[in-house]
Amino acid sequence: MRQLEDLKLENLTLAVDAAGVARLTLARPAKRNALDAATIEELIEVFTLIPRSGVRAVVLAAEGAHFCAGLDLVEHHREDRAPAAFMHLCLRWHEAFNKMEYGGVPIIAALKGAVVGGGLELASAAHIRVADASTYFALPEGSRGLFTGGGATIRVANLVGKARMIDMMLTGRIYKGPEAVAVGLCQYLVEGSSEAKALSLAEAIAANTPLSNFAICSGISHMQNMSGLDAAYAEAVLAGVVNTQPAARARLEAFADGTAARVRPE
Ligand code: 1HE
């Protein structure tokens with residue numbers, strides 16, 4: 001099997017620390033990290049390998065002032081794509097983002113500046129979103145004569161609800177600051193660096209057992225796609241595997257003998 005170190009990345013950078021926390025960076029700041037077809041292929045390559053690489057958490061960050069300006073509109077204009085070609089391109093976006101959402105490795109997006117269009121679709125495939133004071137969210141497709149193609153109708157609608165998503169697309173409404181947290185676009189808003197916060201979250205998450213993180217970061221998404229009856233069944237099966245894992249024994253023993261941390265608000 002290919003290893004992460006074997007990948008030749010041009011539009012992304014990747015570094016994994018000793019604790020298994022990966023820093024994956026969108027690296028086309030001159031183009032505001034717009035997602036061209038090549039970047040999507042690199043995301044597919046990275047997230048194909050991540051689940052079996054020993055990586056315990058991923059911080060998804062970006063170079064420059066903006067997280068991601070969405071679909072590469074210049075490439076799209078230049079390519080003058082046929083309908084079927086753009087459909088197939090969208091399917092590659094889904095391949096990348098599904099690997100992220102369902103891969104079982106926690107992904108924490110460190111957001112700043114523009115998180116728009118396909119950039120919001122990318123961010124919404126992460127499991128946690130951290131915004132800073134510069135971060136703003138929008139779906140400008142309506143005004144560009146476009147429609148979402150990278151999963152926003154599923155993931156962004158899940159985050160903010162159908163009515164807000166339709167409003168964002170029809171009117172170009174921009175959310176930022178506390179309002180963005182309140183509507184569900186991000187879970188954290190920090191005064192300083194979103195990347196520093198994302199890293200500290202990733203480090204804490206990396207200390208969980210990988211199997212628990214796997215269940216949380218793939219099982220919940222799968223179960224949301226099922227009927228309630230089937231989801232309850234799948235939850236029981238997954239809990240059977242996770243909650244009896246040998247790696248959890250020492251943690252349970254520490255609770256039983258009173259040495260483990262208690263869950264308290266302070
Ligand atoms: C780009 C892109 C892009 C910048 N594709 N090249 N997305 C949008 O509608 C957002 C489009 N972008 C913007 O509104 C602005 O660029 C930003 C607000 C994000 C940043 O503004 P600014 O003033 O810092 O940068 P800029 O001068 O607009 O752009 C700098 C360069 O980045 C410039 O290239 P240059 O070679 O002329 O220097 C821009 O062309 C380039 N650039 N954004 C290509 N998006 C699967 S369907 C998904 C559908 C969508 O995502 S629709 C939403 C598209």
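Numbering of ligands and ligand atoms starts at 1, following listing order. Bear in mind the structure is a predicted one, so any value in this text is a computation, not a measurement.
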Item to check | Amino acids contacting ligand 1, non-hydrogen cut-off under 4.0 Å | outcome: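 Ala30, Lys31, Arg32, Ala34, His66, Ala69, Gly70, Leu71, Asp72, Leu73, Val74, Trp93, Ala114, Val116, Gly117, Gly118, Glu121, Tyr136, Pro140, Glu141, Arg144, Leu146, Phe147, Gly149, Gly150.
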
Next on the checklist: Contact between Phe67 and Asn33 at the side-chain level, heavy atoms closer than 4.5 Å - yes or no?
Outcome noted: no

Next on the checklist: Treating Arg262 as the side-chain partner and Ala260 as the backbone partner, does any N or O pair qualify as donor plus acceptor under 3.5 Å?
Outcome noted: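 Such a contact is found between Arg262 side chain and Ala260 backbone.
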
Next on the checklist: With a 3.5 Å distance limit and no angle check, can you tell me whether Arg28 reaches the backbone of Leu35 through a side-chain donor-acceptor pair?
Outcome noted: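 No; zero donor-acceptor contacts below 3.5 Å.
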
Checklist entry - side chain to side chain contact (heavy atoms under 4.5 Å, CB included) with Leu24: which of Val16, Thr13, Val59, Leu14? => result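 The option that passes is Leu14.
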
Checklist entry - Would Arg173 and Glu179 satisfy salt bridge (charged side-chain N to carboxylate O under 4.0 Å, His left out), going step by step from the backbone distance to the final call? => result CA-CA 12 Å; Arg173 181 172 182 165; Glu179 196 181 17; 3.3 Å; yes

Item to check | Interatomic spacing from CD in Glu101 to CD1 in Ile154 - rounded to 0.5 Å | outcome: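 Answer rounded to 0.5 Å: 9.0 Å.
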
